[in-house]
Amino acid sequence: MTVPDKPALEGLEAKWGERWEADGTYRFDRTRPRDAIYAIDTPPPTASGALHVGHVFSYTHTDCVARYMRMRGREVFYPMGWDDNGLPTERRVQNYYGVRCDPTLPYDPAFEPPDKPPKRPQLVSRRNFIELCETLTEIDEQAYEALWRSLGLSVDWTQTYTTIGAAARTASQRAFLRNLARGEAYQQEAPVLWDIDFQTAVAQAELEERELAGAYHRVAFHRADGEPLHVETTRPELIPSCVAIVAHPEDERYQPLFGTTVTSPLFEVELPVVAHELADPEKGSGAAMICTFGDTTDVTWWRELDLPTRALVQRNGRLQADAPDWIATEAGRAAYAELAGKTAKQAKARIAELLAESGDLDGDPRPITHPVKHYEKGDRPLEIVTSRQWYIRNGGRDADLRDDLLRRGKELQWVPDYMQVRYEHWVNGLAGDWLISRQRYYGVPIPLWYPVDAAGEVHHDSPIVPDEAALPVDPAAEPAPGYDESQRGRPGGFVGDPDIMDTWATSSLTPQIAAGWEVDEDLFGRLFPYDLRPQGQDIIRTWLFGTVVRAHLEHDSLPWSHAAISGWVLDPDRKKMSKSKGHATTPMGMVEKFGADAIRYWAASGRPGADTSDDENQMKVGRRLAIKLLNASRFVLNASQDEPPDAVAEPVDRALLAQLEAVVTGATAAFEELDYARALNLAEQAFWAWTDDYLELVKGRAYGDGTGAASAHAALRQSLGVFLRLFAPFLPYVTEEVWSWWRDGSVHRVDWPSSSELSAAGDDVALLETVGAVLYEARRAKSDAQVSMRTPLAELLVTAPAGDVDRLRAAEGDLLAATGASELAITAGDELVVRAVVAAD
RNA sequence: GGGCGCUUAGCUCAGGGGAAGAGCGCUUCCUUGACGCGGAAGAGGUCACAGGUUCAAAUCCUGUAGCGCCCACCA
């Protein structure tokens with residue numbers, strides 16, 4: 001046994017990191033049966049930038065649970081994935097290298113990215129672009145792994161996956177094909193939300209509302225009798241796309257007009273006045289124009305009222321160049337020419353001028369701010385365009401499936417439990433099925449081709465499906481089964497589906513990907529369904545819900561039994577922290593400054609689901625705790641020797657073990673509910689009482705010999721062993737360091753403490769409390785007298801109720817040694833009163 | 001507009017019917033026989049506000065306000 005003279009935290013991360021790796025301390029043993037395994041569906045962080053303090057926070061929570069479960073004898077499956085699939089990666093590659101993908105270019109095998117991003121993006125082929133994505137994500141992933149390792153995540157680093165790797169592409173395409181075969185995936189030509197910058201469709205789950213400045217334009221449409229029908233709109237540029245005017249069926253102002261027509265200003269298009277209960281009499285004039293498409297309500301009206309489609313906004317966000325057929329009059333076509341080719345914003349400004357000139361604008365536009373739908377990663381408002389897209393059923397259009405999924409939400413154990421409500425609200429609010437196709441390049445391709453008939457027409461309704469054994473496939477690079485590449489795009493040949501799948505369509509399969517679904521059925525059988533999905537509350541609607549949908553459809557089960565939802569790390573200004581804002585403190589810098597155990601202490605102090613602030617004070621406290629653990633351990637090990645457990649005989653020592661037993665029971669119960677924070681708090685409180693009171697109390701006895709010393713030694717070492725293991729999930733480095741002074745093997749692979757091992761525990765938990773109260777008064781007397789704590793008390797007089805008298809007599813020797821008093825005088829009384837007097841000099 | 005969560009000491013947060021708690025910070029001490037990357041003690045609070053239930057409310061109920069997040073139909 002070697003106890004260092006001056007133990008320190010510095011260097012522990014490197015020392016034990018290497019040792020754990022060499023020993024395979026956290027390696028998953030796949031031979032264990034299902035019920036001996038604890039499987040975690042680790043969130044794969046987005047590999048497109050840097051980890052921030054919020055990641056450190058939530059991943060530490062999971063690691064504490066993983067370490068606890070491992071000490072409870074569960075074999076923990078704790079993989080790490082990297083979400084390197086999708087738009088964030090594309091965008092980062094575009095900015096980092098200064099390139100843009102042009103899928104029409106041929107592959108250039110000799111391509112090297114420019115040293116620094118050129119002013120004007122360089123165009124590269126799709127394959128070159130994907131190679132750059134792979135290069136950059138690999139660099140990012142290495143930096144992530146280095147941070148996770150130094151933070152002490154007990155991940156099995158042989159179990160890693162990426163969401164763009166071959167295994168993920170195979171699983172993603174396989175699941176899609178199964179969905180297709182069962183009728184759960186389907187394609188539809190329909191209006192979709194469209195990002196004009198990214199040039200892709202966007203799913204409901206990826207929307208975010210932003211408050212934008214706009215203006216109500218009060219515009220006159222013309223009734224047959226010459227009277228105006230006023231409509232207030234924030235989007236006058238869509239008047240040429242107008243297909244009807246709508247008002248509430250019970251709105252008396254408009255009832256006489258239902259069934260009649262009006263003509264639009266400037267464009268002179270004849271439009272029916274229709275009724276629908278979604279029209280709000282309180283908004284604007286009570287009458288609204290229906291355009292194809294200005295917003296999602298327009299889509300509803302268009303569908304339910306069976307209106308024509310008059311789309312003018314193109315996928316690049318500009319109005320189409322040529323005047324459409326439905327604008328028939330010369331004046332109308334001339335007016336349209338003023339708008340043609342303009343962006344929505346430019347057209348809005350111009351049409352306001354035109355309406356003012358024609359007298360159809362009533363008053364000045366009235367400025368307002370209103371919520372406008374954006375793609376969460378995009379900059380400009382979404383437009384709605386019609387296109388052919390793939391969908392997966394998620395209950396958005398099917399009440400039975402929705403009920404099934406709501407039932408799954410109830411079946412899942414949520415931590416904290418109120419998070420389940422968010423799931424239910426999302427599922428109940430679904431407006432449609434899950435749009436999974438994306439018009440992008442870096443992602444898992446939709447594994448389909450379509451036949452081209454002799455006339456050159458593409459038959460989308462009879463897709464050509466690959467064999468599962470051939471997965472993963474890239475229809476853009478490989479010919480359809482049974483065809484030759486030369487037939488691509490030719491009459492009688494085929495075309496590949498040009499789209500990729502939404503990144504959530506793949507990451508909704510992380511349990512299947514990590515467990516080797518359909519590839520390693522033995523492993524899959526031991527892991528699925530998993531025990532735990534830890535994740536952020538912001539992605540309940542995307543990742544959590546998507547994973548539940550896929551598991552329900554494919555396996556008719558939940559993907560995991562528990563979902564632990566973590567809170568946010570807040571900025572000092574109490575805003576949600578995000579990496580885009582950039583923060584002075586990087587996680588690695590924090591680890592270097594305070595030590596990994598200190599950072600983990602801060603993180604583990606945040607209760608499940610609760611937001612926490614980025615508080616350096618808590619990290620300092622954690623550091624102090626870790627240092628105290630080193631020093632207290634050093635004292636215990638130097639001042640004692642191994643004694644059999646039954647050497648604990650002194651009432652004070654037996655009381656300590658009794659107290660500890662209660663702590664172990666409490667911490668275990670807390671961890672079973674995944675409440676790591678409560679477990680830490682219990683251990684910490686007991687630990688400080690142990691060092692402040694118990695160690696001081698038995699110090700004198702421990703330095704002596706005889707049965708009193710043996711009892712103290714046994715109790716000190718037993719309690720140290722318990723504390724080290726109680727702290728091991730939180731402070732893996734310092735506990736392992738101390739363990740190594742004393743014991744063989746890793747503290748992270750020994751059994752979690754149990755009450756059965758504390759066989760000598762007494763039943764008088766109150767003894768130490770009473771004795772502690774006396775100690776406290778003795779300290780206060782010395783503090784008041786401004787003397788050293790080592791100054792002996794001249795007098796120690798206690799009045800105590802009957803029960804406490806026995807306790808004090810039992811601890812008398814220790815009390816005298818700790819306070820320096822020569823005599824403990826006890827008188828009987830109703831309550832405990834302590835008189836401690838320091839010698840007058 | 002709807003939902004969920006939060007509001008407790010200067011700060012960060014526990015507690016959750018039965019005498020207001022911790023850490024940090026602050027004040028005053030202790031020069032250290034495990035620990036100065038220490039230790040001891042002290043001051044500091046109408047538990048957001050208003051009603052209600054109760055012998056008793058920080059705690060349960062109702063409402064209000066502020067903050068955060070999520071959702072919603074951009075006329």
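Each chain gets a letter, A, B and so on, in the order the sequences are listed, and its residues count up from 1.
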Open item on the list: I need the OH-C1' distance between Tyr776(A) and G42(B), as an integer number of Å.
Closed with: 9 Å
TODO: Indicate yes or no: does Asp784(A) engage Arg779(A) in a salt bridge with an N to O separation below 4.0 Å.
DONE: no
Open item on the list: Nearest heavy atom decides the nucleotide; on that basis, is Trp688(A) or Arg634(A) closer to the 5' end of RNA chain B?
Closed with: Arg634(A)
Under 3.5 Å, which N/O atoms of the protein pair with N/O atoms of nucleotides 19-23 of chain B?
none

Open item on the list: What contact category does Ser633(A) fall into here, base, sugar-phosphate, or nothing, at under 4.0 angstrom with non-hydrogen atoms?
Closed with: nothing
In residues 600-608 of chain A, what donor-acceptor pairs under 3.5 Å come from side-chain atoms, sequence neighbours left out?
residue   : atom : partner   : partner atom : Å
Arg600(A) : NE   : Phe730(A) : O            : 2.9
Arg600(A) : NH1  : Asp63(A)  : OD2          : 2.8
Arg600(A) : NH1  : Leu151(A) : O            : 3.1
Arg600(A) : NH1  : Gly152(A) : O            : 3.2
Arg600(A) : NH2  : Asp63(A)  : OD2          : 2.7
Arg600(A) : NH2  : Pro729(A) : O            : 2.7
Tyr601(A) : OH   : Glu684(A) : OE1          : 3.1
Tyr601(A) : OH   : Glu684(A) : OE2          : 2.7
Trp602(A) : NE1  : Ser613(A) : O            : 3.1
Ser605(A) : OG   : Tyr601(A) : O            : 2.7
Arg607(A) : NH2  : Asp675(A) : OD2          : 3.0

TODO: Report yes if the side chains of Val415(A) and Ile565(A) come closer than 4.5 Å at any heavy-atom pair, otherwise no.
DONE: no
- [ ] Round to a whole Å and report the spacing from CD of Glu777(A) to C1' of A40(B).
- [x] 13 Å
Open item on the list: Checking contacts here: which listed nucleotide (G5(B), G38(B), C71(B)) is nearest the side-chain heavy atoms of Lys628(A)?
Closed with: G38(B)
Open item on the list: Does the plane of the ring in Phe723(A) sit parallel, tilted or perpendicular to the ring in Trp690(A)? Use 30° and 60° as the thresholds.
Closed with: tilted
- [ ] State whether a side-chain donor-acceptor pair under 3.5 Å links Trp741(A) with Thr2(A).
- [x] no
Open item on the list: Distance check needed: C69(B) P versus Asp538(A) CG, whole Å only.
Closed with: 11 Å
Please enumerate all protein N or O atoms sitting under 3.5 Å from an N or O of nucleotides 29-33 of chain B, with distances to 0.1 Å.
residue : atom : partner   : partner atom : Å
G33(B)  : O6   : Arg790(A) : NH2          : 2.9

Task: Separation of C35(B) P from Asn638(A) CG (nearest whole Å) - done: 10 Å
Open item on the list: Under 4.0 Å, counting only non-hydrogen atoms across every strand here, what does Gly284(A) touch: a base, just sugar-phosphate, or nothing?
Closed with: nothing
TODO: Give a yes/no on whether any side-chain N or O of Lys373(A) is located under 4.0 angstrom from OP1 or OP2 of C73(B).
DONE: yes
Open item on the list: Do the side chains of Arg790(A) and Glu696(A) get close enough for a salt bridge, i.e. N-O under 4.0 angstrom?
Closed with: no
Open item on the list: Show me, range against range, the stems involving RNA chain B, built from at least 3 consecutive Watson-Crick or G-U pairs below 3.5 Å.
Closed with: B:1-7 with B:65-71, B:10-13 with B:21-24, B:26-30 with B:38-42, B:48-52 with B:60-64
Open item on the list: Using the side-chain contact (heavy atoms from CB on, under 4.5 Å) criterion, which residues pair with Ala287(A)? Sequence neighbours excluded.
Closed with: Leu229(A), Val231(A), Ile245(A), Tyr254(A), Ser285(A)
Taking only nitrogen or oxygen atoms into account, show me every contact under 3.5 Å that the protein makes with nucleotides 14-18 of chain B, one pair per line with its distance.
residue : atom : partner   : partner atom : Å
G15(B)  : OP1  : Arg607(A) : NH2          : 3.1

- [ ] Mind calculating the distance between OH (Tyr423(A)) and C1' (C4(B)) to the nearest angstrom?
- [x] 17 Å
Open item on the list: Strictly below 4.0 Å, N to O, side chains only: are Glu376(A) and Arg541(A) in salt-bridge contact?
Closed with: yes
TODO: Would you please confirm or rule out a distance under 4.0 Å between OP1 or OP2 of C24(B) and any side-chain N or O of Tyr601(A)?
DONE: no
